[in-house]
Amino acid sequence: MAVRRDSALHTLTKQLTTRFAAVAIEDLNVAGMTRSARGTVAAPGSRVRQKAGLNRAIFRRRSWAPR
């Protein structure tokens, strides 16, 4: 599985470098992005259910990332 992932990653990066003059990479703070929206008793969070759905989507998409 790792070889297949590496091959797909190599193919994608090769396509990007041949199509574009400049490619930028962003190092996202996934831990900060997926922090809970519950808040505290004094300052309760809002849209907690929406945030939970966003967190699930982030973790699903992150599965392809190199380890």
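FYI, side chains are in, hydrogens and waters are out, and symmetry mates aren't considered; it's all heavy atoms of this structure. Remember, predicted model here, so these are calculated numbers, not experimental data.
- Here the OG1-CG distance, from Thr18 to Leu16, works out to 8.0 Å after rounding to the nearest 0.5 Å.
- Atoms CZ and CG, from Arg60 and Asn55 in turn, are 11.0 Å apart once rounded to the nearest 0.5 Å.
- Remark: Thr11 engages Ser7, Gln15 in a side-chain contact (heavy atoms from CB on, under 4.5 Å) (not counting sequence neighbours).
- Expressed to the nearest 0.5 Å, how far NZ of Lys51 lies from CD1 of Ile58 amounts to 5.5 Å.
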